> 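Below is the structure I would like to discuss, written out as structure tokens.
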Amino acid sequence: MATTPPVIPPLAPNATFLDTNELIINMGPQHPSTHGVLRVILKLDGERILGTECVIGYLHRGVEKIAENRTYTQFAPYVDRMDYVAAVSNGLGYCETIEKLLNVEAPPRARFVRTILTELNRISSHLLWLGTHAIDLGAITPLFYCFREREEILKIFENYCGARLTTHAFRIGGLQYETYDGFDQQVRAFCNQFMEKIAEYETLLTGNRIWLERTKGVGILTAAEAIDFSVTGPLLRASGVKFDLRKAQPYAAYSEVDFDIPVGENGDTFDRYVVRMEEMRQSIRIARQCLDKLPEGPVMAKVPKIMKPPVGEVYHAIEAPKGELGYHVVSDGSTQPYRIRVRPPSLINLQALDRMVRGLLVADVVAVIGTIDIVLGEVDR
Amino acid sequence: MQSVLPSLFFYALATMILVSAVVTITRRNAVHSVIWLISTLLGIAGLFLHQHAEFLAAVQVIVYIGGITVLFLFVIMLVNLDEAAKKKQFAGQWKIVVICAGALLAELGFFIFKGAEGFYFAEPAGGSLQPNTQLIALALYRDYLLPFELASLLLLVAMIGAVVLAKKDLK
Amino acid sequence: MPTIPAAIEPFIWPFVYGAVILLVFPLLAGYIVLLERKVMADIQVRLGPMRVGPHGLLQPLADALKLLIKEDIIPTLSDKWIFWISPIISVVTALVAVFLIPMSDKLPVPDTNIGLLLVLSLTSVGILGIILGGWSSNSNYPLLGALRSTAQLVSYEIALSFALIGGLMLAGTLSLQGIVMAQKEQAIWFVFFQPVAFVIYFIAALAETNRAPFDMPEAESEIVAGYHTEFSGFRFALYFLAEYANIVIVCSIMTILFLGGWLRPFPNVAALEFLNFAPALVLLGLGGACLIGLDRKPSKPQKLGMIGLGGAFILAGLACLLPPVMEAVHGLFWFMLKVFMGVYTFIWIRFTLPRYRYDQLMNIGWRWLIPLAIANVIVTGIVMQREQIFAALGF
Amino acid sequence: MPPVPTAHYVFLSAALFTIGMIGVLTRRNVVIILISIELMLNAVNINLVAFSNLLQSVNGQAFAIFVIVDAAAEAAVGLGIVIALFRNKETIQADEIDLMKW
């Protein structure tokens, strides 16, 4: 990537001309559209944003600290509670990190099943984003359509591991469960019908004049700024940077499947919308290929019952639906991690909020918060 | 019966107008002032109805209550008046006030002393006020076309002036 | 029986009618809400309220009861008496305006020569309820909502009025009944002469009633609930009632000015006289539908409820077949049908479109609707006076 | 002849005008001064309409409409000035605005 430090232009209006009074508004922590308990303090001039300040921590549960008092296996379910709408991705990241630390590798079948479930999870996370984002912009109906499809995915999860939301689907070293009978058909059926449903959402939103006016040119983040803020995931790609950990440092079975990385041009809210919509299509493509190539064989590698990884540390990141989800695990050779540090995509992406909304209107703050796609469980941990 | 009801209507409205007007100019809080102004204006609209000026009554309500008072409320809300409400509300000029009020009281005294007959205005002319809307339209667009155009020009100028005044980067 | 004094006699029927409006309209508004929820559910592949009464038909009553017995919260730092009076301003003006709308030529509605202007002036007074309610709550979100709302209503009132002028020029009167009679005389609904004005009016009406895609003042995802954020219980119910009353008012004015009021389609074609039977047919059809779906009802009380409902519909339909009743009812029926279609379109739009941003809304109003409406008035004038103009130009 | 003598209207109008004038002269808050001016304009309108009714001529009502137009223009410009004043001086007290320029 380009290394020259880009110059950030001076932020739009930072001095008010004492129009009327500056209005300080607390948006949240109890607000319909801050997606949880985010509190944004808005400094307004009329309806124009002079500045924002995010106050986080209302959902802080000390997940990283808890890790220090649990064994590696015991901690696995906790990561599901961070980004609770993408629990499978969280689990994948954690399991692969510990596998790296233990120097074991999951068997091929496990890697393919993991890929399928993670991609389904990406779709379900994006569906939730789409529905809530649309509701933030006043389109109420897409939410229900999105939930209808998300339900199908959750049914697959439920059939596979018995849980719908906080799935704890994967284990360190592979999978606990073999796929159930009919897994293949159910996923294929979902893939087939889902392509039509995406077209349905696009007829509702993509060509809609109001949707275009609300999203085009709103919350622009240039490629250089995006890199400076180290935002990842769809936000980064919508700004025109073609960076995806699934391609850059392939994990699971991503090196064996063929897919495209959708990229935006302007880095505005509309581009992020388009990128995510395209990502859902690509996820379907990945899931189909994985089903075609699904090898036979064991699903669990040989892992010691009591895990005592060698002293050392490892950082491993995956491309979660919201961006780069990294785990930095330090082992002191005991059964419990010495320190686990999570790099949550939501928290890092949220940093860009202030840059994106300066000079816009209150309504745009809502649109931008929606487009960042944060989950407070992950921001606060 | 037929003549008592309309005059009762008049005196009730007159009381409402005067009381509301007095309250309007004595309130500390400007929003309360505007609300009492609305009450005054409603009373006046009622008087217009009473005098067969239906069109004018409707215009009074639409323009004054729906337009001007809303504009007042808007500005009051934009401009922080909490400070103003804490300060002293009245300032000098009492001498002129006393003179004016004295003149008014003198007029009232004369009025009571001489009765309504003391004020002779004019004999009713043989015109008609109905149909009200059509007649006003004819007056405005035929007899007073030039003033009407001037008034619209005045409104345009006022609109541009207000926009320029309220614009942010006034230098 | 004592004779009624001549001075009071003309006031009696309007008074009774006003009392009926006051009692019935809240119920009607409740059922519009139910309709909205049902249509919404249908659009969103759900069922909507189903628990209270058959197909949720008693839901409005339950909602009203809930709102009535809720605690009445008045914020400590609010301006008490303004907080107290502002929902009343909104609801009273809206209900009086409803009272002034002639839903049929048989109803004792006072007909004034400034009827339309009077309704418009009442709705513009209703704005005060919103701005004062927002201000008196002494809280940021309501204040923002009130400011937005007022700016929006005042701007769109201009476009709305200019759109109305197009129709008024054809009718040549401000009296609401006179406008409908003018359409009867000219044997055409004005919407066919004034399609542009109709569209402008419809869009402006959406904005006037704070409906999506112009529901800025109460955009729940941005400023919580706008001007009525701090209102609860009965006061909130009053605002709610006023909002739905306003929807009915704008749809009624649309019906009167553009869609021929209580006239049936093609009122001057005698061959379509049979359309007068439509109310009876619709009621009988509804009754039949209730009875046909009977065996799908799982429990006995539900079955009984549906039988009662179907029976009531059929009885009402039979009553409508009697000539005097039919004479009185069919105007009302056509008026209600047109208003209902308007309300339905409002709901449909609400659940299809996203919301505009505040500045975009202002742009649409000032840059498009108002110039277009003024141009429409000018063109209408030129077309209506074409003979004089041609003569003056020497053709 | 109207049921209420025109003199009563004239007196009401005079009283309202006086109240408005007292408001203009004594209040310090610019917004309330503007409100008082509206009261005075309305007093004029009462008179115009009363005589229009007395003379059965619609001219008075036409003039009243011009007065309303004037009031609207006055309110718009006046409030624009209030906003500009508040922005520059942060006060809307009439007697604190005593500079010819700033």
Side-chain angles (χ1 to χ4, degrees), chain B residues 3 6-7 10 14 17-18 21-22 24-25 30 33-34 37 40 44 47-48 51-53 56 59 63 67-68 71 75-76 79 84 87-91 93 96-97 100-101 104 107 111 116 119 121-122 124-125 127-129 135-136 139-140 144 147 151 154-155 158-159 161-162 165-166 170, chain D residues 1-8 10-12 14-16 18-23 25-29 31-32 35-36 38-39 42 45-46 49-59 61-62 64-66 68-73 75-77 79-84 86 92-95:
Chain B
S3 60
S7 25
F10 169 79
I17 291 170
L18 289 180
V22 169
T24 303
I25 62 160
S33 263
V34 173
L37 174 70
T40 315
I44 291 170
L47 272 192
F48 289 170
Q51 292 176 305
H52 311 291
L56 201 57
V59 168
V63 176
I68 295 178
L71 193 65
V75 170
I76 294 169
V79 177
K87 291 187 178 161
K88 201 173 71 140
Q89 294 298 313
F90 292 95
Q93 316 276 14
I96 313 176
V97 167
C100 292
L104 185 74
E107 194 195 4
F111 181 70
F119 292 78
F121 293 114
S128 165
L129 288 179
L135 282 177
I136 287 184
L140 279 183
Y144 297 107
L154 172 74
L155 276 182
M159 191 169 82
L165 276 173
L170 188 72
Chain D
M1 190 71 189
V4 181
T6 308
H8 290 201
V10 175
F11 184 74
L12 172 68
L16 191 60
T18 312
I19 293 173
M21 193 154 71
I22 294 173
L25 290 174
T26 57
R27 291 302 300 252
R28 298 173 75 225
N29 187 329
V31 175
I32 294 184
I35 291 173
S36 304
E38 300 296 332
L39 285 180
N42 268 286
N45 271 358
I46 293 179
V49 175
F51 281 106
S52 156
N53 197 26
L54 176 74
L55 301 173
Q56 290 290 301
S57 150
V58 85
N59 286 355
Q61 296 183 18
I65 286 182
F66 286 127
I68 292 181
V69 168
D70 198 46
V77 176
L79 291 171
I81 293 174
V82 170
I83 288 189
F86 184 75
I92 52 163
Q93 304 290 337
D95 51 353

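Quick caveat: nothing in here was measured; it's all calculated off a predicted structure. Chain identifiers are assigned alphabetically (A, B, ...) following the order of the sequence lines, protein sequences preceding nucleic acid strands; residue numbering begins at 1 within each chain. No hydrogens, no waters, no symmetry mates; every other heavy atom, side chains included, goes into these values.
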> Count the heavy-atom pairs under 4.5 Å between each of D:Asp70, D:Leu39, D:Asn45 and chain B, then report the option with the highest count.
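Answer, by heavy-atom pair count under 4.5 Å with chain B: D:Leu39.
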> Test D:Leu12 against B:Leu47 for side-chain contact (heavy atoms from CB on, under 4.5 Å), laying out the working first.
CA-CA 11 Å; D:Leu12 172 68; B:Leu47 272 192; 3.4 Å; yes
> To the nearest 0.5 Å, what is the distance between CE (D:Met21) and CG (B:Leu104)?
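CG of B:Leu104 is found 9.0 Å from CE of D:Met21.
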> Please look at B:Leu18 and chain D and tell me whether the side chain, the backbone, both or neither of the residue comes under 4.5 angstrom of a heavy atom of that chain.
both
> Indicate the atoms forming the closest heavy-atom contact of B:Ser33 with D:Ile35, along with that distance.
CB-CD1, 4.0 Å
> To the nearest 0.5 angstrom, please state how far the CG atom of D:Leu79 sits from the CD1 atom of B:Ile68.
9.5 Å
> When rounded to the nearest 0.5 angstrom, what distance separates CD1 in B:Ile136 from OG in D:Ser52?
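Nearest 0.5 Å value for the CD1-OG distance: 7.5 Å.
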> Determine the option with the most heavy-atom pairs under 4.5 angstrom with chain D, choosing from B:Ala101, B:Gly67, B:Gly161, B:Ala158.
B:Ala158
> Find the distance between CD1 (B:Ile17) and CG (D:Leu16) and round it off to the nearest 0.5 Å.
7.0 Å
> Identify which part of B:Val63 has an atom lying under 4.5 Å from any heavy atom of chain D, answering side chain, backbone, both or neither.
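Side chain only.
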> Write down the atom of B:Ile25, the atom of D:Ile19, and the distance for their closest heavy-atom approach.
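Smallest heavy-atom distance, with atoms named: CD1-O, 3.5 Å.
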> With rounding to the nearest 0.5 Å, note down the distance linking CD in D:Glu38 to OG1 in B:Thr40.
11.5 Å
> Could you tell me the separation between the CZ atom of B:Phe48 and the CG atom of D:Asn53, rounded to the nearest 0.5 Å?
11.5 Å
> Quick check: closest heavy atoms across B:Gln51 and D:Val49, and the distance to 0.1 Å?
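Looking at all heavy atoms of both residues, the closest pair is OE1-CG1, 3.2 Å.
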> Can you confirm whether D:Thr18 sits close enough to B:Val97 that some side-chain heavy atom of one is under 4.5 Å from a side-chain heavy atom of the other?
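Side-chain contact under 4.5 Å: no.
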> Which atom names give the shortest non-hydrogen contact between D:Ala72 and B:Leu155, and what distance separates them?
CB-CD2, 4.4 Å
> Looking at residues at least two apart in the chain, or sitting in another chain, which of them share a ring pair (Phe, Tyr, Trp, His ring centres under 6.0 Å) with D:Phe66?
none
> Run the side-chain contact (heavy atoms from CB on, under 4.5 Å) test on D:Ile32 and B:Thr24 for me, step by step, so that the C-alpha distance in whole Å, both residues' side-chain angles and the decisive distance to 0.1 Å come before the verdict.
CA-CA 8 Å; D:Ile32 294 184; B:Thr24 303; over 6 Å; no
> Quick check: closest heavy atoms across D:Ala76 and B:Leu71, and the distance to 0.1 Å?
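Closest approach of D:Ala76 to B:Leu71, heavy atoms only: CA-CD2, 3.9 Å.
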> Identify which of D:Gly20, D:Ala50, D:Ser36 forms the greatest number of heavy-atom pairs closer than 4.5 Å to chain B.
D:Ala50
